[in-house]
Amino acid sequence: MKAFVVSRYGKENNVQVVEVPQPELRDDDVLVQIHAASINPLDLKIRNGELKPLLPYKLPLILGNDLAGVVLEVGPSVRGLAPGDEIYARPAQDRIGAFAELIAINENDVAKKPHALDMAQAAAVPLVGLTAWQALVEKANLRAGQKVLIHAGSGGLGTITIQLAKHLGATVATTTSTANVTWVQDLGADIVIDYKKDDFETIVKDYDLVIDTLGGDTLEKSLRVLKPGGKVISVAGPPEPDFAKEFGANWVLIQATRALSFSIRRKAKHAGVSYSFLFMKANGEQLRQLGYLIDSGAIHPVVDRIFPFRATTDALAYVEKGRAKGKVIVTMR
């Protein structure tokens, strides 16, 4: 089968389409014919080697972290899926490989595709949808009446997180560029801060939660807009020791995360708030919950652009520019 693989870490011409063997099916796996996959910043970080300490992949590696497709075969232990089922999924982190014609995925990481979506739209959901769910529902326990600030509201993660937070009954503020102000308001944002004109730190205060997608100075400023006891959950800041332990990291890496996150943890403690890093996990049951919300009309994916499979490297380059409104998709069929 054809697949886009990274053969060496780095930004320059290191992702190529090659012929690779069909994936082997484990007892609790489903073999999926991929119809569409989405491009995520995570793919770029893996390609560049930025996550080698946490994710020591063996190269060559098929890239791609979420997908939609059709089940072709099931392993002997599979009970909830059958050949012909239309599904969407985020494979477990040690089994990625969505930029390919076929993939084998554990049944527990798969859910049936929402009826309201076509394959390209469905492929836009798993990674960002699970990240939003695990941040807002699992970690933050966001409740009606609370206030949340979501950075980069027009991005793939921001668009779905705004909608889920509104569905949960929160007041939602977000940051975006001038061109996208009205657009993110239409997604449900109550307060939109044009970062080219205004400093969010001067506009929002006493918030319960910040979802940080940018890190750096934005992360540090976010501590100051929270009320006492508030939370910053970041997908871009430094991992902290608790995350490293949960991830199964060795002692050396745990100590490294302790050092890397020391400054932001100390500042959060001084401000009377909490900081945590989120690296989402595959979860088929949570995808089913998201599917119910999608089919009910509560949330919907936002697709910026669709590329053919042969142009996957062009799609990666487009996402790398950081100007996409919503998700970027590659279609295999």
Side-chain angles (χ1 to χ4, degrees), residues 38-45 66 117 120-133 135-136 142 147-205 207 209-222 225 232-237 278 290 293-294 297-307 314-330:
S38 84
I39 309 289
N40 294 282
L42 177 60
D43 299 307
L44 300 170
K45 291 181 179 181
D66 53 359
L117 305 182
Q121 293 168 325
V125 174
L127 189 141
V128 294
L130 287 172
T131 302
W133 185 278
L136 298 179
L142 188 67
K147 298 189 293 185
V148 56
L149 169 63
I150 299 164
H151 287 295
S154 63
L157 177 57
T159 54
I160 204 81
T161 309
I162 289 170
Q163 295 176 74
L164 181 56
K166 285 301 296 180
H167 171 73
L168 294 170
T171 296
V172 177
T174 191
T175 58
T176 192
S177 63
T178 307
N180 296 326
V181 168
T182 302
W183 189 71
V184 294
Q185 285 174 334
D186 291 342
L187 288 175
D190 300 290
I191 300 167
V192 181
I193 302 148
D194 182 349
Y195 68 79
K196 293 188 175 182
K197 296 179 179 179
D198 298 307
D199 185 345
F200 71 89
E201 191 182 5
T202 67
I203 296 174
V204 299
K205 64 179 180 178
Y207 268 53
L209 176 66
V210 176
I211 303 299
D212 168 56
T213 60
L214 301 171
D217 291 341
T218 299
L219 172 56
E220 292 199 13
K221 284 184 175 182
S222 295
V225 306
V232 172
I233 298 173
S234 178
V235 298
L278 173 64
L290 287 164
L293 294 180
I294 290 167
I299 61 175
H300 64 274
V302 177
V303 175
D304 177 278
R305 189 169 172 184
I306 298 175
F307 289 78
D314 295 332
L316 286 164
Y318 180 72
V319 170
E320 194 165 21
K321 293 177 182 177
R323 296 291 180 265
K325 292 168 62 175
K327 296 302 297 292
V328 175
I329 309 298
V330 293

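Each residue takes its place number in the sequence, starting with 1.
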Between A124 and P301 the two heavy atoms that sit nearest each other are CB-CB, 4.0 Å

Verdict with supporting geometry, L209 and L136, side chain to side chain contact (heavy atoms under 4.5 Å, CB included) | CA-CA 9 Å; L209 176 66; L136 298 179; 3.7 Å; yes

Taking all non-hydrogen atoms of both residues, which atom of A135 and which atom of I211 are closest, and how far apart?
-> CB-CD1, 3.9 Å

Which heavy atom in S38 sits nearest to a heavy atom in D43, and how many Å separate them?
-> O-OD2, 3.9 Å

What do the steps show when you test L187 against T174 for side chain to side chain contact (heavy atoms under 4.5 Å, CB included), and what is the final call?
-> CA-CA 11 Å; L187 288 175; T174 191; over 6 Å; no

Sequence neighbours excluded, the answer for side-chain hydrogen bond (donor to acceptor under 3.5 Å, both in side chains) partners of D304 is Y318

Rounded distance [0.5 Å steps], CG in L293 versus CH2 in W133 | 5.5 Å

Between OG1 on residue T213 and CD1 on residue I150, distance to nearest 0.5 Å = 9.5 Å

Looking at D66 and V125, what are the two nearest heavy atoms and their distance?
-> OD2-C, 4.4 Å

Please report the closest heavy-atom contact between A120 and I306, naming both atoms and the distance.
-> CB-CD1, 3.9 Å

Scan for salt bridge (Lys or Arg N to Asp or Glu O under 4.0 Å) pairs involving residues 179-198, sequence neighbours excluded, and state none if there are none.
-> K166-D190

Quick one: ring-ring contact (aromatic ring centres under 6.0 Å, His included) pairs with a partner in residues 147-200, sequence neighbours left out?
-> H151-F200

Verify side chain to side chain contact (heavy atoms under 4.5 Å, CB included) between L214 and L219, making sure each step is shown before the conclusion.
-> CA-CA 7 Å; L214 301 171; L219 172 56; over 6 Å; no

Which of these passes side chain to side chain contact (heavy atoms under 4.5 Å, CB included) with F307: V328, I329, I39?
-> V328

Intermediate values then yes/no, side chain to side chain contact (heavy atoms under 4.5 Å, CB included), V128 and N40 | CA-CA 9 Å; V128 294; N40 294 282; 4.2 Å; yes

Enter the distance from R323:CZ to N180:CG here, rounded to the nearest 0.5 Å.
-> 10.0 Å

Sequence neighbours left out, cut at 3.5 Å: what donor-acceptor pairs do the side chains of residues 155-164 make with other protein atoms?
residue : atom : partner : partner atom : Å
T159    : OG1  : G155    : O            : 3.1
T159    : OG1  : G156    : O            : 3.0
T161    : OG1  : L157    : O            : 2.7
Q163    : OE1  : H300    : N            : 2.8
Q163    : OE1  : H300    : ND1          : 3.1
Q163    : NE2  : T159    : O            : 3.0
Q163    : NE2  : H300    : O            : 2.8

Residues two or more places apart in sequence or in another chain: which of them pass salt bridge (charged side-chain N to carboxylate O under 4.0 Å, His left out) with K205?
-> none

Closest approach of P126 to A123 (non-hydrogen atoms, all atoms of both residues) = CD-O, 3.6 Å

What residue pairs, at least two apart or across chains, pass salt bridge (Lys or Arg N to Asp or Glu O under 4.0 Å) with a residue in residues 210-222?
-> D199-K221, E220-K267

